[in-house]
Structures are given as C-alpha cells and as structure tokens.
Amino acid sequence: MSNDSKIMIGKRLKHLLKENGFDYERDKLVDELGLNRSTLQKYINDVRRPTLESIRDIAKHFNTSVDYLVGHSEYVLDTWDHKFLEEFFQYSSDKIKNHFEKRYTIDISDETIPSKLLFGILEAIFQDEFDKSLEDLSIKEREDRKKIYEVIITIFHRVVTLAKSEEKKDELEALLKRLTESTNGEYSFRNTITLEEIEGKTHKTRKEKIKLLKSYIGINVANGQKALRMLEELSEDD
C-alpha cells in the first residue's frame, strides 16, 4: 500500500487505551497483547506500522473492529461499553438510510434515529410477510408503503409517549385489546367516530356523512344495549 498512514493506528489505539482506563506501561496489558513495551509505544506514536496480525489481536482485545482501528470506520461498537446501544443505533440508522436511498431511491435522511431504525425493521417484516421488497413495487406502491410505515412509526412514538405515564397503563391495555379485536374483525377504528368529528368533516359528501352517521348509530346502539344488559345483571345481584 503506497500510503502508509492508512494503516497507522496510533490515534485510535490511544483512544481505546484511554476509554478502557489502560496504562500502556503496565506489564499486564503488554502481556495480554503479546507485544513488548517498545513495540506498543511505537504503534501509539505512529513510528512503526503494525502487522495485520497485531491489528487483529489489538482489535479483538478491545472488542472492536479492524476497520475502526485502521480508521475505516468511526464506530467502536464495543458491546461492553455503556454507550454501545447509542453508537450501534447511530451506525445502524446510517446504514439503513443509505440502503433506502441507494436501493429504493427513498430519502429518509430527515427522520430521527429511532424512526430510521423502525423504517428498516418494518421493511424487513413486510418483506417476510408479503415476499416483496420496496424494490419489487411500482413507484406508487412504493410511496403507499412508505406512508404506511410513517403511520406505524407515528403510532409507535405515540404509544411510547403514552407509556411514560404510569397512570396511562390502562390506556395501553385498552389499546392492545382494541387492536386485537380489530385484527379479528370485531372492531373498527375507522368507524369509531364522534358526532363532532363527523360534523367537522366538511370535505365529506352528503352520502359519505350519512354512511358515517349510520355506522355511528349502529356502534352506539350496540354499546348501549350491551351496557343495559350489564346494568340489568348488576341490578339482579342486588
């Protein structure tokens, strides 16, 4: 390799030593790496170019990658580091962003790190569920699926916000129940609507509003009947 600086590891090695609280003058560290103190000092000062075997052993010792040690990656990805998850999510979100951009020509660069991760997770799930990736879809179908992802991700973030409050635990359980019922065809979020919402839907036609009102009446009549039955049962117990 013509540019020797590409495989000098002094800067990265110093960082790893500092982050792990090591003193390179300690015999223990020198013994663990299988290097003499003079050689290690030369690596740190970029006076000597390490062998591939030495680079591999040092990377393994500090639980990182050869790519990080030689400067080809900015991510240590040490699974023992308390910042591992934060760094791993940053690394993964960058890879997912690049994958969506280069493979599917979909730009998610403005999304937050958690949202980028969720985009990747959802695409993997949808590929497995429908045996089709975004690449197999038409431009319109691709945009439609992206919108579905965005809705699911928004719901996810709302649920996380809900979970922050201990008082909202019952709300989460009720949401899970409704989702299960909706999946089984026993409940419809779309048809659960208030009169105020129907009145506010100025973009709806008269026919569409009539359909919504009938649905509203049907749901509320059914709920009212159920409530009356429950009330009668409770009254009988008295």
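Remember, it's a predicted structure, so these values are computed and weren't measured experimentally.
Using a 4.5 Å cut-off on side-chain heavy atoms (C-beta onward), Lys211 and Lys207 make no contact.
Considering every non-hydrogen atom in both Ile106 and Arg142, the closest pair reads CD1-CG, 3.6 Å. Residues Leu117 and Ile96 approach most closely at CA-CD1, 3.9 Å, considering heavy atoms.
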Let me see the working for Gln41 and Arg37 under side chain to side chain contact (heavy atoms under 4.5 Å, CB included), right down to the final yes or no. CA-CA 6 Å; Gln41 182 71 62; Arg37 188 175 291 107; 5.5 Å; no
So Ile44 and Leu17, side chain to side chain contact (heavy atoms under 4.5 Å, CB included) or not? Walk me through it. CA-CA 10 Å; Ile44 292 171; Leu17 289 167; 3.7 Å; yes
Checking salt bridge (charged side-chain N to carboxylate O under 4.0 Å, His left out) for the pair Glu123/Arg145: CA distance, chi angles, key distance, verdict? CA-CA 9 Å; Glu123 174 58 13; Arg145 183 179 286 190; 3.5 Å; yes
If you apply the rule salt bridge (charged side-chain N to carboxylate O under 4.0 Å, His left out), what do you find for Lys177 with Glu181, and how did you get there? CA-CA 6 Å; Lys177 183 175 184 297; Glu181 291 173 346; 2.5 Å; yes
What's the verdict on side chain to side chain contact (heavy atoms under 4.5 Å, CB included) for Leu162 and Arg158, showing C-alpha distance, side-chain angles and the deciding distance? CA-CA 6 Å; Leu162 197 64; Arg158 295 289 186 272; over 6 Å; no
When you look at Glu150 and Lys146, which way does the salt bridge (charged side-chain N to carboxylate O under 4.0 Å, His left out) test go after all the steps? CA-CA 6 Å; Glu150 289 170 345; Lys146 184 187 176 210; 3.5 Å; yes
Go through the steps for Thr105 and Phe100 under the test side chain to side chain contact (heavy atoms under 4.5 Å, CB included), then give the verdict. CA-CA 6 Å; Thr105 63; Phe100 269 75; over 6 Å; no
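Within 6.0 Å of the OH atom in Tyr91, the count of heavy atoms belonging to other residues, nucleotides or ligands does not exceed 12. Shown here is Asn184, whose CG atom has more than 12 heavy atoms of other residues, nucleotides or ligands within 6.0 Å. Other residues, nucleotides and ligands contribute more than 12 heavy atoms inside 6.0 Å of the CZ atom of Phe126. Atom CD1 of Ile139 has 12 or fewer heavy atoms from other residues, nucleotides or ligands within 6.0 Å. Counted within 6.0 Å of CZ on Phe156, heavy atoms from surrounding residues, nucleotides or ligands total 12 or fewer; the atom is thus considered open. Enclosure of atom NZ in Lys14 by more than 12 non-hydrogen atoms of other residues, nucleotides or ligands within 6.0 angstrom is indicated.
Between the side chains of Glu86 and Gln90, not a single donor N or O lies within less than 3.5 Å of an accepting N or O. Side-chain atoms of Thr180 and Thr183 include no donor-acceptor pair closer than 3.5 Å. Residues Ser54 and Asp57 bring no donor and acceptor atom of their side chains to less than 3.5 Å of each other. Using modelled atom types and a 3.5 Å distance limit, the side chains of Asp67 and Ser65 yield no donor-acceptor pair.
Proximity of a side-chain donor or acceptor of Asp136 to a complementary backbone N or O of Ser133 within less than 3.5 Å is detected. Formation of a donor-acceptor pair under 3.5 Å by the Ser235 side chain with backbone atoms of Leu231 is found in this model. Looking at Ser93, its side chain does come within 3.5 Å of a backbone N or O of Phe89 through a donor-acceptor pair. Judged purely by atom type and a 3.5 angstrom limit, Glu87 uses its side chain to pair as donor or acceptor with the backbone of Leu77. In this structure a side-chain-to-backbone donor-acceptor pair under 3.5 Å is present from Thr64 to Val76.
Tracing side-chain contacts under 4.5 Å through hydrophobic residues (I, L, V, M, F, W, Y), one never reaches Val159 starting from Ile153; they form parts of separate clusters. Ile148 and Leu137 fall within the same hydrophobic cluster, where Ile, Leu, Val, Met, Phe, Trp and Tyr residues are linked whenever their side-chain heavy atoms come under 4.5 Å apart, directly or through other members. Under a hydrophobic-cluster definition in which Ile, Leu, Val, Met, Phe, Trp and Tyr are linked whenever side-chain heavy atoms come within less than 4.5 Å, directly or via other members, Phe119 and Phe88 are assigned to the same cluster. Leu172 and Leu176 end up in different hydrophobic clusters when Ile, Leu, Val, Met, Phe, Trp and Tyr side chains are linked at under 4.5 Å. Cluster annotation: Leu122 is connected to Phe130 through the hydrophobic network of ILVMFWY side chains, with a link wherever side-chain heavy atoms come within less than 4.5 Å.
Of the charged side-chain nitrogens involved, at least one lies within less than 4.0 Å of a carboxylate oxygen, so that Arg12 and Glu74 count as a salt-bridged pair. With salt bridges taken as basic N to acidic carboxylate O contacts below 4.0 Å, none links Glu233 and Arg229. Under a 4.0 Å N-O distance rule, the pair Lys147/Glu143 does not qualify as a salt bridge.
Taking the ring centroids of Tyr68 and Phe62, they lie at or beyond the 6.0 Å cut-off.
To the nearest 0.5 angstrom, Leu85 atom CG is 10.0 Å from Ser92 atom OG. Atom-to-atom distance recorded for Glu129:CD and Ile125:CD1 is 9.0 Å, nearest 0.5 angstrom. To the nearest 0.5 Å, the span separating NZ on Lys97 from CG on Asp107 amounts to 8.0 Å. To the nearest 0.5 Å, atom CZ of residue Arg49 and atom CE of residue Met8 are 7.0 Å apart. Rounding to the nearest 0.5 angstrom, the gap separating the CG atom in Leu16 from the NE2 atom in His61 is 9.5 Å. Here CD1 of Ile152 is found 12.5 Å from OG of Ser115. Values are rounded to the nearest 0.5 Å.
Just one residue in the list Asn45, Ile58, Asp46, Ile55 forms a side chain to side chain contact (heavy atoms under 4.5 Å, CB included) with Leu13, and that residue is Ile58.
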